[in-house]
Amino acid sequence: MMSNKRIQELELVMEFEKVEECLKEVSSWIENVGRKRLKETINLDDSLEMLLQTQKQFKEFDLVASEYCKRGQEALKKMDQWEDFSFVDVHSYRVKLQAYRDQLEEFCTQLDETRHRVCETVRLYEFFDKVRQGICYVEEGVKS
């Protein structure tokens with residue numbers, strides 16, 4: 001029975017090493033590209049034209065970022081089976097997985113929040129642009 005547990009543990013370690021390659025790639029992308037691009041969208045431009053350009057660029061980034069989030073989540077899901085094992089030897093691997101999970105969840109949450117903020121800001125600017133056009137139309141009518 002102990003031998004079987006040890007074999008299972010070794011199989012999990014081998015699986016972890018395969019999954020960790022994917023997680024390292026996702027983690028590296030988040031740190032070197034993803035977070036920087038999210039920071040670029042903190043200060044949104046104050047013209048509708050520039051804001052629409054920012055939204056377009058963000059949508060392109062969002063597609064790539066969402067794919068990395070999905071890949072990371074799929075890799076972590078493969079390792080869910082580790083929760084069933086209480087071997088002391090796999091504790092360090094669980095700690096690594098939790099660090100990857102925390103990083104991925106934080107980034108995906110920031111991505112969702114930024115997506116929402118950009119969309120809402122564009123909608124607000126479009127609304128104000130329509131109001132401004134309406135005011136100009138009314139002013140022209142009053143002048144005539």
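Just so it is clear, the structure is predicted and the values come from calculations on it, not from any experiment.
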Q) Does E40 come within less than 4.0 Å of R37, counting only side-chain N to carboxylate O? A) yes
Q.
Between R123 and E120, does any NZ, NE, NH1 or NH2 come within less than 4.0 Å of an OD or OE carboxylate oxygen?
A. yes
Q: Give the intermediate values and the outcome of salt bridge (Lys or Arg N to Asp or Glu O under 4.0 Å) for residues E31 and K36.
A: CA-CA 8 Å; E31 292 303 318; K36 291 176 185 175; over 6 Å; no
Q) Short question: side chain of S28, backbone of K24 - any donor-acceptor pair under 3.5 Å? A) no
Q. What pairs with V138 under side-chain contact (heavy atoms from CB on, under 4.5 Å), at least two apart in sequence or on another chain?
A. V142
**Q.** By side-chain contact (heavy atoms from CB on, under 4.5 Å) - contacts of S27 (at least two apart)
**A.** Y100, Q103
Looking only at non-hydrogen atoms, find the nearest pair between [X] and [Y] and report the distance.
X    : Y   : result
Y125 : S47 : CE2-N, 4.0 Å
V122 : L48 : O-CD1, 4.3 Å
R117 : I42 : NH2-CA, 3.3 Å
G72  : L23 : O-CD2, 3.9 Å

Q. Is it true that atom CG of N32 has more than 12 heavy atoms of other residues, nucleotides or ligands lying nearer than 6.0 Å?
A. yes
Who are the salt bridge (charged side-chain N to carboxylate O under 4.0 Å, His left out) partners of [X], not counting sequence neighbours?
X    : answer
E106 : R35
E126 : none
K96  : E20

(Q) salt bridge (Lys or Arg N to Asp or Glu O under 4.0 Å) for D62 and K59? Distances and angles first, verdict last. (A) CA-CA 5 Å; D62 188 28; K59 283 182 178 182; over 6 Å; no
(Q) Tell me every residue that passes ring-ring contact (aromatic ring centres under 6.0 Å, His included) with Y68, counting only those two or more places apart in sequence or in another chain. (A) W29
(Q) Measuring from atom OG1 of T114 to atom CZ of F107, what distance do you get when rounded to the nearest 0.5 angstrom? (A) 8.5 Å
